[in-house]
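Letters A, B, ... mirror the listed sequences (proteins, then strands); counts begin at 1. Just so you know, these numbers use all the heavy atoms, side chains as well, and skip hydrogens, waters and symmetry mates. Everything numeric here is computed off the predicted structure, so don't read it as measured data.
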Amino acid sequence: MSVLVNKDSKVIVQGFTGSEGSFHAQQMIEYGTNVVGGVTPGKGGQTHLDRPVFNTVQQAVDEAGADVSIIFVPPAFAADAIMEAADAGIKVIICITEGIPTEDMVAVKNYIADKEVRLIGPNCPGVMTAEECKVGIMPGFIFKKGTVGIVSKSGTLTYEAVDQLTKAGLGQSTAIGIGGDPIIGTTTKEAVELLMNDPETEAIVMIGEIGGGMEAEAARWIKADGNRKPVVGFIAGQTAPKGRRMGHAGAIVGGADDTAAAKMAIMRECGIHVVESPALIGDTMLKALGK
Amino acid sequence: MNIHEYQGKDILKRYGVRIQEGIVAESPEKAVEAAKQIMAQSGSKYVVVKSQIHAGGRGKGRIRGMEQRGVAVAKSVDEVRDIAKNLIGNVLVTHQTGPEGKKVNKVLVAQDVFYPGASEPKEMYISILLDRSKACNVIMASTEGGMDIEEVAASTPEKIVKEWIDPAVGLQPFQARKIAFGLGLEGEAFKEMVKFVTALYKAYVDTDASMFEINPVLKTSDNKILAVDAKVNLDDNALYRHPDLANLRDITEEDPLEVEASANDLNYVKLDGNVGCMVNGAGLAMATMDIIKLSGGEPANFLDVGGGANAKTVEAGFRIILKDPNVKAILINIFGGIVRCDRVATGVVEAYKAIGDIPVPIIVRLQGTNAAEGAKIIDESGLKVQSAVELKEAAEKVRNVVQEMGL
């Protein structure tokens, strides 16, 4: 089972022949992901990494049966790339690109609203179903197949969590990097909901950061849903000052509700096992699972 | 990116938004010249002299060591000179600047807009920003001009009018009318407000702004609607398509270390603590600051070196952190996913040697690909650097250093 991507996913890479696209496509192929080709407008008909290059996403869907796309194109062209994928009927679009203008993402969110597509990101490390399918830039070797799902706004902090879980003997089902921008395709709550409904996932790690209200929304949903599976949560930025952007475009404390402390308090009230130190994610999950 | 009031008003004016007219000046003499021009235009002997800094609360703030407020009305050219002398080159402290304040380099000499007339002037509030949860822009308006919107939202939320803008069709005339009616306007002032809101929204979208806050918006005694102040933030990610707006950046408003870091493509935010840190990835960087605090120290900075983490970026990071005199220890925390820890370790050693003797203890935590090899390189380097692999271990070592040094 797992969610979003698995061994049957037929993945294309938009921005396939660029340096980022090439490097990570190669890594994905080595991990065992079924990369069926890529899209670079104007290079259709060529072969890259032993796979066909298409001019349009529509061709990749029609000719290679692609159903998942990963996007590495530069920020100025990324919104267009997402909309092209959605229009072509791709079911899961994963956008790695960082630095897309907010107005572009407002337009994208609106464009895909009534389409049957799930967008992950942008500004994210992608999605990883352990030992099956990597659609992203996460380091494969830290993952081990298992039953803990991960939802996170951050890249390296996700790796940290996965590494701690693996070393604690806890494998992972799917890790979903939802991204650190103010507007992203899939919210914390939506990603948590996917894992909550996944029979293969027994527990969830939810990693958030300052800014916005997504973690609070997810926490309230988890409680309303009856706390069906244990959730370990962490919010980065307990020491971040108000009004300063901390790296991620969305990581900025605006008011009293989007501080780390406020989010952690709501998460605790909703029955989530909140850790103050990110060093304790693995240990806390062991305890939450009674191991 | 933040810009100054006078720059924000220039943008608004270009889009047909009526503003309180003014001329920016960098010296008391220029301020006097500007005042004469403004007085001639407006026919009033009053002008307002406004400090131009990237912080709010200027009207209530005071120049350090003086009674002088950051925004003041002058009733004569001589008063303009006196006020400008007090402001320019001195430090203005407001509730938003913190106790260290901000140096005033420029003043805006602006027309007096509270002139007497047929009706009472009325101050209002309008802002435009992104509603993250609805993924669209929202216009907020309130009759409580001059007040902090968060206060209004807490005490009298019914006084705030909100209109969410459908991205597919943009601001519609009925929405502009709802705002103008919601602000209790009628007749000429109502029509003016509809025009004002429409032009303001166009300016917001066209400039890829991330926030407009016009506080106050004024209905004058002759029923004109104009922007008396303009707080404008622009989306950094969109500046590539607005080179003219990118030029509005004023680096004198930024911390010099942050300017140096951005020139080196490092994402650095200076903080007040005593333990510096250097991390790959924004989320892990924030988490590392939190670990420093939990270990008894105070984070001195946020620093994301990105995916590269090589000798060059590490050296640039070291140099910037070490320029902060408050830094008494440094924690480097790198999770090597794609980047290999042995390479990062070699980079740290090279950077250390390039800088020479670093006078503060350093803890280097390398985890991920080739973590053990990385730790070995650090341990065998002969440098005063402690290595760690697990995050818990790094936290312990920070705790020990903080205790030993009595931080």
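- Per-residue heavy-atom pair counts under 4.5 Å with chain A were compared for B:Gln96, B:Glu298, B:Glu393, B:Arg241, and the maximum is reached by B:Arg241.
- Residue B:Asn280 touches chain A through both its backbone and its side chain, counting heavy-atom pairs closer than 4.5 Å.
- Neither the backbone nor the side chain of B:Ala285 comes within contact range of chain A; no heavy atoms are under 4.5 Å apart.
- Among the candidates B:Cys136, B:Gly368, B:Ser210, the residue making the largest number of heavy-atom pairs closer than 4.5 Å to chain A is B:Gly368.
- In this structure, the portion of A:Phe141 lying under 4.5 Å from any heavy atom of chain B is its side chain and not its backbone.
- Looking at A:Gln27, the atoms closer than 4.5 Å to chain B (heavy atoms on both sides) all sit in the side chain, from C-beta outward.
- A salt bridge links A:Lys153 with A:Glu215: at least one charged nitrogen is closer than 4.0 Å to a carboxylate oxygen.
- For A:Ile137, the part lying near chain B is the backbone, with the side chain staying farther off; criterion is any non-hydrogen pair under 4.5 Å.
- Salt bridge status for A:Asp258 with B:Arg132: absent, with no side-chain N to carboxylate O gap under 4.0 Å.
- For A:Glu160, the parts sitting under 4.5 Å from any heavy atom of chain B are the backbone and the side chain alike.
- Only the side chain of B:Glu390 comes within less than 4.5 Å of a heavy atom in chain A; its backbone stays farther off.
- Only the backbone of A:Ile235 comes within less than 4.5 Å of a heavy atom in chain B; its side chain stays farther off.
- Residue with the most contacts toward chain B among A:Ala107, A:Gly211, A:Gly140: A:Gly211 (heavy-atom pairs, distance under 4.5 Å).
- Between chain A and the options B:Ala238, B:Ala394, B:Gly336, the largest number of non-hydrogen pairs under 4.5 Å is found for B:Ala238.
- Atoms CD1 and CG, from B:Ile363 and B:Leu331 in turn, are 6.0 Å apart once rounded to the nearest 0.5 Å.
- In this structure, the portions of B:Ala287 lying under 4.5 Å from any heavy atom of chain A include both its backbone and its side chain.
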Check against side-chain contact (heavy atoms from CB on, under 4.5 Å), A:Arg244 and B:Leu271
CA-CA 10 Å; A:Arg244 294 302 309 268; B:Leu271 304 170; over 6 Å; no
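- A salt bridge between A:Lys287 and A:Asp283 is absent, with no side-chain N of the basic residue lying under 4.0 Å from a carboxylate O of the acidic one.
- Only the side chain of B:Glu258 comes within less than 4.5 Å of a heavy atom of chain A; its backbone N, CA, C and O stay farther away.
- Using a cutoff of 4.0 Å between basic side-chain nitrogens and carboxylate oxygens, A:Arg268 and A:Glu276 are scored as salt-bridged.
- The most heavy-atom pairs under 4.5 Å with chain B, out of A:Pro182, A:Pro139, A:Ser154, come from A:Pro182.
- With a 4.5 Å cut-off on side-chain heavy atoms, A:Ile222 and A:Val192 count as touching.
- With a 4.5 angstrom heavy-atom cutoff, A:Tyr111 does not touch chain B via any of its atoms.
- Between atom CD of residue B:Glu373 and atom CZ of residue B:Arg343 there is a gap of 12.5 Å, rounded to the nearest 0.5 Å.
- Heavy-atom distances place no part of A:Glu217 under 4.5 Å from chain B, backbone and side chain included.
- Heavy atoms of B:Asp272 lying under 4.5 Å from chain A are absent altogether.
- For B:Asn267 and B:Asp304, the side-chain atoms include no donor-acceptor pair closer than 3.5 Å.
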Under the side chain to side chain donor-acceptor pair (under 3.5 Å) rule, what do B:Asn2 and B:Glu253 come out as? Steps first, then yes or no, please.
CA-CA 9 Å; B:Asn2 288 333; B:Glu253 285 289 328; over 6 Å; no
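- Ranked by heavy-atom pairs shorter than 4.5 Å toward chain B, the options A:Thr156, A:Leu157, A:Val106 are led by A:Thr156.
- For B:Asn237, the parts lying under 4.5 angstrom from a heavy atom of chain A are both the backbone and the side chain.
- Here A:Ala76 is the residue among A:Gly243, A:Pro75, A:Ala76 with the most heavy-atom pairs under 4.5 Å with chain B.
- A:Ile100 touches chain B through its backbone: at least one of N, CA, C or O sits under 4.5 Å from a heavy atom, while the side chain does not.
- Here A:Ala236 is the residue among A:Ala260, A:Ala236, A:Pro241 with the most heavy-atom pairs under 4.5 Å with chain B.
- With a 4.5 Å cut-off on non-hydrogen atoms, B:Thr369 touches chain A through its backbone and its side chain both.
- Side-chain contact, B:Gln367 with B:Asn333: no donor N or O sits under 3.5 Å from an acceptor N or O.
- Taken to the nearest 0.5 Å, the NZ atom of A:Lys263 stands 7.5 Å off from the OG1 atom of A:Thr188.
- Between A:His24 and A:Phe72, the two ring planes are parallel [angle under 30°; tilted spans 30° to 60°].
- One finds no salt bridge joining A:Arg118 and A:Glu193 here, because no Lys/Arg side-chain nitrogen approaches an Asp/Glu carboxylate oxygen to under 4.0 Å.
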